[in-house]
A.B. asks: 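The structure follows.
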Protein chains: 2
Amino acid sequence: MNAVSAPCPAAKPASRREARRHSRRETILDVAAQWFLEHGYDGTTMSAIATALGGSKGTLWNYFPSKDVLFAAVIDQVTTAFREQLLLILNPHDETETALYRFCGELLRKTSSPEAVALYRLVIGEANRFPEVGRIFYERAPLQTRILLAEYLSTAMERGRLRRDDPFRAARELIGLCMCNSHSERLMGLRAAECEDTVAADAEQATRVFLRAYAI
Amino acid sequence: MNAVSAPCPAAKPASRREARRHSRRETILDVAAQWFLEHGYDGTTMSAIATALGGSKGTLWNYFPSKDVLFAAVIDQVTTAFREQLLLILNPHDETETALYRFCGELLRKTSSPEAVALYRLVIGEANRFPEVGRIFYERAPLQTRILLAEYLSTAMERGRLRRDDPFRAARELIGLCMCNSHSERLMGLRAAECEDTVAADAEQATRVFLRAYAI
DNA sequence: TGATTGCCGTACCGTATAGTACGATTTTCT
DNA sequence: AGAAAATCGTACTATACGGTACGGCAATCA
């Protein structure tokens, strides 16, 4: 068992310096993330980040040896945060329709937030220059979501609630039915935020079509 | 009626100079398109384009007054070309299943080509800096495809081949079922080109699920 | 053929930016 | 308290890039 509320692995004795250094690093990552997400890689300058930090450039380079490295660290942190924020509810005690409907709603709300859209844009836009970035993001967020849903669908198929089929493929299809509504339009900047009514309607429609195709 | 094979509106008398100028402009657009698609906006320099042209920078600025304007012109040209290349077959005399299957296959082949992927990336990555670009691309390519499919579906519904429902929404769903298979993975750089077998399998699966959901 | 127009090559300007250097100052460790 | 580490502010280097200027050469036009 780990000690309770030990956020840091290997539990460094947390000398004052170490703690300060750690929190400073987090602050830098937060500020940098804001800039990268809002202005893209080239639109973000190290000087701007340093200024926004209220610190000097020397300090910035003390923590990250180059812009590339800082960017990679930001993507790492942001995708982790995104995955954690994307933990989705799939209550096995709910009616299948209800469970899926709620899942779709959550998925839509979270992937249509301005931050999520900015992250998608950044990852896709820099996929050429930083091939790692695409993989990291994909494996942390969309793939995890799909696995989670596939497990649920698998159980539902075994219990006779859904027609038996490849659950991993079915998961992809339900997610596709959700996202097809507006995700790419949003990525291209054609839609602002989504209102709750639209989300509910889209989630309901996706669930309905999916259930028709996978009825027993 | 327009004159036959008059590619240029207002049919300039095509003095030698005018013709030369026109073709030069096309060449510039082609070269610039290659660079922008492969390296992105910031990764492309005007000097590089000029060198690739075999010409000088002065000439480049003679045709386009700034990098922004050149980029906009490139997007305009490339999206137009993409739309034309995306004209899809929907033969009303085929069996519904066959028509849709062929449509899906074509759609997949065309949207998964390296050039198409590069274009999607460019548009999405620069959606912040060039808000126009997203709209232009969307209205020319994805929206046209969707309208085309919706018209076909509408007819099929009227003829009793498919369950009556909103054809425009149904079109979005079929396209979503196609694209969900691999499009976003490709945008993030996780897949290379697609082999024909995969395309066929994906098209078949999308058609099957769609038809189950929209059976009469 | 003579005037015009466009193109090439190259040098140049101004600016922006990643990254460095360094001395002064503050914070932390022992 | 005194040593060590981190931070700050600022000035600086090197480079890259968008865009301009200009003199000479080739194609085009009338």
Side-chain angles (χ1 to χ4, degrees), chain A residues 8 11-36 38-75 122 125-126 128-130, chain B residues 12-36 38-75 122 125-126 128-130:
Chain A
C8 181
K12 287 280 174 63
S15 70
R16 219 143 149 190
R17 255 211 272 264
E18 290 286 337
R20 191 184 167 83
R21 188 165 182 85
H22 192 78
S23 94
R24 189 79 168 139
R25 196 187 135 95
E26 299 267 297
T27 310
I28 293 179
L29 283 177
D30 284 350
V31 171
Q34 264 183 272
W35 274 84
F36 279 124
E38 187 163 354
H39 303 100
Y41 181 80
D42 290 292
T44 300
T45 75
M46 295 295 268
S47 302
I49 295 175
T51 304
L53 272 169
S56 88
K57 297 217 276 174
T59 309
L60 199 45
W61 264 269
N62 188 338
Y63 283 86
F64 299 93
S66 76
K67 189 182 181 183
D68 286 15
V69 172
L70 174 58
F71 181 71
V74 163
I75 292 290
L122 194 56
E126 302 300 333
N128 255 328
R129 195 181 343 208
F130 299 95
Chain B
K12 286 280 174 61
S15 72
R16 219 142 150 189
R17 256 212 266 266
E18 290 286 338
R20 193 181 167 83
R21 186 164 184 86
H22 192 76
S23 95
R24 190 79 169 137
R25 194 187 137 96
E26 299 267 297
T27 309
I28 294 179
L29 283 177
D30 283 349
V31 171
Q34 263 184 272
W35 274 85
F36 279 126
E38 188 163 354
H39 302 100
Y41 183 80
D42 290 291
T44 299
T45 74
M46 295 296 270
S47 301
I49 295 174
T51 304
L53 272 170
S56 87
K57 297 216 278 177
T59 310
L60 200 45
W61 263 271
N62 187 337
Y63 283 86
F64 299 95
S66 76
K67 190 181 179 182
D68 287 15
V69 172
L70 174 58
F71 181 71
V74 164
I75 292 291
L122 194 57
E126 303 299 334
N128 256 327
R129 195 181 341 206
F130 298 96

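The sequence lines fix the lettering, A, B, ..., with proteins before strands; numbering per chain opens at 1. Values below: all heavy atoms of this structure, side chains included; hydrogens, waters and symmetry mates excluded.
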A.B. asks: Which residues pass the salt bridge (charged side-chain N to carboxylate O under 4.0 Å, His left out) test with R21(B), sequence neighbours left out?
C.D. replies: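 R21(B): no salt bridge (charged side-chain N to carboxylate O under 4.0 Å, His left out) contacts found.
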A.B. asks: Can you tell me how far CG of L70(A) sits from OH of Y63(A), rounded to the nearest 0.5 angstrom?
C.D. replies: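 Answer rounded to 0.5 Å: 13.0 Å.
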A.B. asks: Rounded to the nearest 0.5 Å, what separates atom CD1 in I75(A) from atom CG in L122(A)?
C.D. replies: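 So the gap between those two atoms works out to 4.5 Å.
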A.B. asks: Which is the 5'-most and which the 3'-most nucleotide of DNA chain D that has an atom under 4.0 Å from a heavy atom of chain B?
C.D. replies: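 First-to-last contact on DNA chain D, by the 4.0 Å heavy-atom rule, is dC17(D) to dC29(D).
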A.B. asks: Once rounded to the nearest 0.5 Å, what's the spacing between atom CD of E38(A) and atom OG1 of T44(A)?
C.D. replies: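 E38(A) CD to T44(A) OG1: 9.0 Å, rounded to 0.5 Å.
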A.B. asks: Going by the rule ring pair (Phe, Tyr, Trp, His ring centres under 6.0 Å), which residues pair with F130(B) if we only count those two or more places apart in sequence or in a different chain?
C.D. replies: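 If we apply the ring pair (Phe, Tyr, Trp, His ring centres under 6.0 Å) test to F130(B), skipping adjacent residues, the hits are Y41(B), F71(B).
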A.B. asks: Specify the residues of residues 55-66 of chain B, ordered by number, for which at least one heavy atom lies under 4.0 angstrom from an atom of DNA chain C.
C.D. replies: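 By residue number: G55(B), S56(B), T59(B), N62(B), Y63(B).
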A.B. asks: Going by salt bridge (charged side-chain N to carboxylate O under 4.0 Å, His left out), name the residues that satisfy it together with D42(B), two or more places apart in sequence or in a different chain.
C.D. replies: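 D42(B) satisfies salt bridge (charged side-chain N to carboxylate O under 4.0 Å, His left out) with R129(B) once adjacent residues are dropped.
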A.B. asks: Please give, in whole Å, the distance from dA16(C) C1' to D42(A) CG?
C.D. replies: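 Rounded to the whole Å, the gap is 13 Å.
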A.B. asks: Hey, could you give me each pair passing side chain to side chain donor-acceptor pair (under 3.5 Å) that has a residue in residues 24-34 of chain A? Not counting sequence neighbours.
C.D. replies: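 Sorted pair list: D30(A)-Q77(A).
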A.B. asks: Given atom NZ of K67(A) and atom P of dA16(C), what is their separation to the nearest angstrom?
C.D. replies: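 The distance from NZ of K67(A) to P of dA16(C) comes to 15 Å, rounded to the nearest Å.
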A.B. asks: Between R20(B) and Y41(B), who's closer to the 5' end of DNA chain D by nearest nucleotide?
C.D. replies: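 Final value for this comparison: Y41(B).
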A.B. asks: Give the rounded distance in Å between these two atoms: CZ of R21(B) and C1' of dG6(C).
C.D. replies: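 From R21(B) CZ to dG6(C) C1': 8 Å.
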A.B. asks: With the threshold set at under 4.0 Å for non-hydrogen atoms, list the residues of residues 43-53 of chain A touching DNA chain D in residue-number order.
C.D. replies: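 Within residues 43-53 of chain A, no residue comes under 4.0 Å of DNA chain D.
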A.B. asks: Specify the separation, in whole Å, of atom NE2 of H39(A) and atom P of dA16(C).
C.D. replies: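 Between P of dA16(C) and NE2 of H39(A): 16 Å.
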A.B. asks: Below 3.5 Å, can you tabulate the donor-acceptor pairs from side chains in residues 46-56 of chain B to any protein atom, sequence neighbours excluded?
C.D. replies:
residue, atom, partner, partner atom, Å
S47(B), OG, K57(B), NZ, 3.4
T51(B), OG1, S47(B), O, 2.9
S56(B), OG, G58(B), N, 3.3

A.B. asks: I'd like to check the ring pair (Phe, Tyr, Trp, His ring centres under 6.0 Å) partners of W61(A); sequence neighbours left out, ordered by chain and number.
C.D. replies: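 W61(A) satisfies ring pair (Phe, Tyr, Trp, His ring centres under 6.0 Å) with no residue once adjacent residues are dropped.
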